[in-house]
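Structure first, commentary second.
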Amino acid sequence: MCTIFGYFSEAATTSIAIEALAPTTSRGPDDMRIIKLDEGVIGFQRLSIMGMDERGMQPFYDDGKWVICNGEIYGFRKIKDRLKAKGVQFKSESDCEILLPLYEEMGCAMFKELDAEFACILVDTRTHSIIAARDPIGIRPLYYGYDKHGSIVFASEPKNLIHLVKTIHPFPPGFYYKDGTFTCYRNLSDVESFHKEPLEETCANIKKLLIEGVEKRLDADAPIGFLLSGGLDSSLVCAISAKMLKKPIRTFAIGMKSDAIDLKYAREVADYIHSDHTEVIINENDVLHAIDPVIQILATYDITTIRASIGMYLLCKEIHKTTDVRVLLTGEISDEIFGYKYTDFAPDATAFQEESEKRIRELHMYDVLRADRCISSNSMEARVPFGDLAFVDYCMHIDPAKKLNTYHKGKYLLRHAFEGDTYLPYDILMREKAAFSDAVGHSLRDTITAYAETVYSDEEFEEKRKQYDHATPFTKESLMYRGIFEKYYPGQSGMVIDFWMPNRSWEGCNVQDPSARVLSNYGESGN
């Protein structure tokens, strides 16, 4: 991960940029560079992943154009070779150096062509144009706001902006900004037609595209590790990677001391794929002490995001402290495509598709936010194979009638795609989904909810929750989170649209907790 920052005003100074970047040193601990331009100031904090020597340090400059990018551009070597054939000269091995010659060649049309997870800021001093863009899923973070004079400021995290702008906005995924105008260049949630292939061909394509998505993300000049929960998604990522690399990969799992569900399954997968496996054990005190720092890191009040982040943050903290790993592959984004436990209650295929499209649009506020902050706050980079653009685009165009759980097994298409192969043991391939915060141990959630009950009386809860008009807390736990959030990000709750919850308009989903444990179909997920 890296941090990018751009403040485009006559009032912007190097000292302001230094102060704004101070809270995100962990995103880019290797180096920092700030450039003062006529248009304002740009700043960059670097975590070296590709082209790791000094020549890969940003901003990159060429013929009046500057760019800073937090991203990974897959297939960049082919693009670089094509540009070299046209006479373009490169100074580094960094993937992001291709952006300036691409912009010279294509303008903002280049963003649609990128196979990447990225956020970037580009300044063309020849035309005084200010450009910013974000990948179509929002895997890499970008926020913006306006200072008291109406000048725009961009940054990787809200904590870079909190003292500079009145209102912080998430930069919309799949958009670029140029000179005051936001333009959508790709919307993965806008699905107008569906593939007509039979089931077996559909599953074969799912398998092929996921394997390709994993392969792209194994390209790094820095050491790679893998988060392994023992669930379907992370296990597939690890199994595919182990088979490709033909050597033991480094896997990491976390669980509560008393009742971890995931650890035994993660160990089974690790033994099966012969990985170098590490288990991290946490207790109730670890959970409670992590709540405040996790909310500050995340910049959210959302219940399920915070719960799931506690285990992930503590695991990543241990990885950073004890290893040289700089890149972590994770299993996020599968559920939004293939379904959660609650989507078993979708009344029909149309409703399932609408819910999936909604989840993809909002991903940047929930699961990918969690992965980015938990990993980047510990000076590592998150890579998300299920977020591969070709994979997501194909899967979102699968007939949703095929995704409905008519098979008595959730996410059946993904499971069936790898059925009959040797990637995973059959029981892991068919293991029922357990939400990460639950699978770390049911006591994680139970500890937090019990503690929240001691923070407020019933009367205090009813009184204090009323002060919040947007995303009004509805449990003592959610009120506790909101209070901590407001301490660090006062008045900025609009950065998150609302609480992540099952679709409560569906029969069977009108619940008061986001955990799948409260659903009637949870069943074997808790074992």
Side-chain angles (χ1 to χ4, degrees), residues 1-5 19-29 45 47 70 119 138-143 155-164 168-171 225 227 252 254 280 282 285-321 325-328 330 332 363-384 436-437 440 444-445 448 451 471 477-478 480-496 499-500:
M1 295 299 180
C2 301
T3 317
I4 61 174
F5 175 82
E19 185 177 354
L21 287 167
T24 50
T25 300
S26 64
R27 288 193 74 90
Q45 291 171 317
L47 176 69
N70 169 28
I139 292 175
R140 296 303 169 94
L142 189 61
Y143 294 80
S156 290
E157 293 195 25
K159 57 177 68 75
N160 303 121
L161 299 175
I162 194 68
H163 300 300
L164 292 176
I168 301 171
H169 306 275
F171 194 102
L227 298 186
F252 303 88
I254 190 166
V280 175
I282 56 175
N285 285 333
D286 296 324
V287 170
L288 294 178
H289 285 122
I291 292 173
D292 191 289
V294 161
I295 292 174
Q296 183 185 18
I297 287 162
L298 295 174
T300 190
Y301 50 82
D302 177 59
I303 301 165
T304 193
T305 304
I306 294 166
R307 287 179 185 171
S309 293
I310 288 172
M312 193 175 203
Y313 167 75
L314 292 172
L315 178 57
C316 292
K317 186 176 181 180
E318 187 67 18
I319 295 169
H320 175 63
K321 185 169 71 173
V325 167
R326 285 205 157 201
V327 177
L328 282 173
T330 75
E332 277 77 23
L363 251 174
H364 66 103
M365 292 182 280
Y366 302 112
D367 276 12
V368 296
L369 180 151
R370 166 172 55 87
D372 175 84
R373 302 302 195 282
C374 291
I375 293 174
S376 68
S377 65
N378 289 291
S379 298
M380 293 178 287
E381 174 177 287
R383 293 189 180 178
V384 190
F436 180 62
S437 57
V440 169
L444 186 150
R445 167 184 175 260
I448 297 171
Y451 175 72
E477 180 187 7
S478 62
M480 178 177 70
Y481 293 160
R482 183 61 172 270
I484 298 170
F485 172 87
E486 293 291 338
K487 177 175 68 173
Y488 295 112
Y489 305 98
Q492 302 294 339
S493 68
M495 291 188 293
V496 181
F499 296 102
W500 190 104

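We're numbering straight along the sequence, starting at 1. Keep in mind it's a predicted model, so treat the numbers as computed, not measured.
A donor and an acceptor atom, one from each side chain of R370 and T300, are nowhere located under 3.5 Å apart. Using modelled atom types and a 3.5 Å distance limit, the side chains of N70 and S156 yield no donor-acceptor pair.
Using a cut-off of 4.0 Å between Lys/Arg side-chain N and Asp/Glu carboxylate O, E381 and R140 are scored as salt-bridged. Ion pairing between a basic and an acidic side chain is recognised when a charged N comes within 4.0 Å of a carboxylate O; R27 and E157 show such pairing.
Taking 4.5 Å as the limit, some side-chain heavy atom of I291 sits within range of a side-chain heavy atom of M480. Under the 4.5 Å side-chain criterion, counting only non-hydrogen atoms from C-beta, T330 is not in contact with R383.
Remark: Y301 engages F485, F499 in a ring-ring contact (aromatic ring centres under 6.0 Å, His included) (not counting sequence neighbours).
Among residues at least two apart or in separate chains, salt bridge (Lys or Arg N to Asp or Glu O under 4.0 Å) pairs with a member in residues 292-304 are D292-K487.
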Exercise for the section: Kindly indicate, with the supporting measurements, whether the criterion salt bridge (Lys or Arg N to Asp or Glu O under 4.0 Å) is fulfilled by E477 and R307. Expected result: CA-CA 10 Å; E477 180 187 7; R307 287 179 185 171; 2.6 Å; yes
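The environment of OH in Y488 is crowded: more than 12 heavy-atom neighbours from other residues, nucleotides or ligands sit within 6.0 Å.
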Pair up each side-chain donor or acceptor in residues 313-321 with any protein partner under 3.5 Å, not counting sequence neighbours, and list the distances.
from: H320; atom 1: ND1; to: N378; atom 2: O; distance (Å): 3.1

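Judged purely by atom type and a 3.5 angstrom limit, E486 uses its side chain to pair as donor or acceptor with the backbone of G491.
For the atom pair I254 CD1 and L227 CG, the distance stands at 10.0 Å (nearest 0.5 Å).
Shown here for I4 and A119, the closest heavy-atom pair between the two residues is CD1-O, 3.4 Å.
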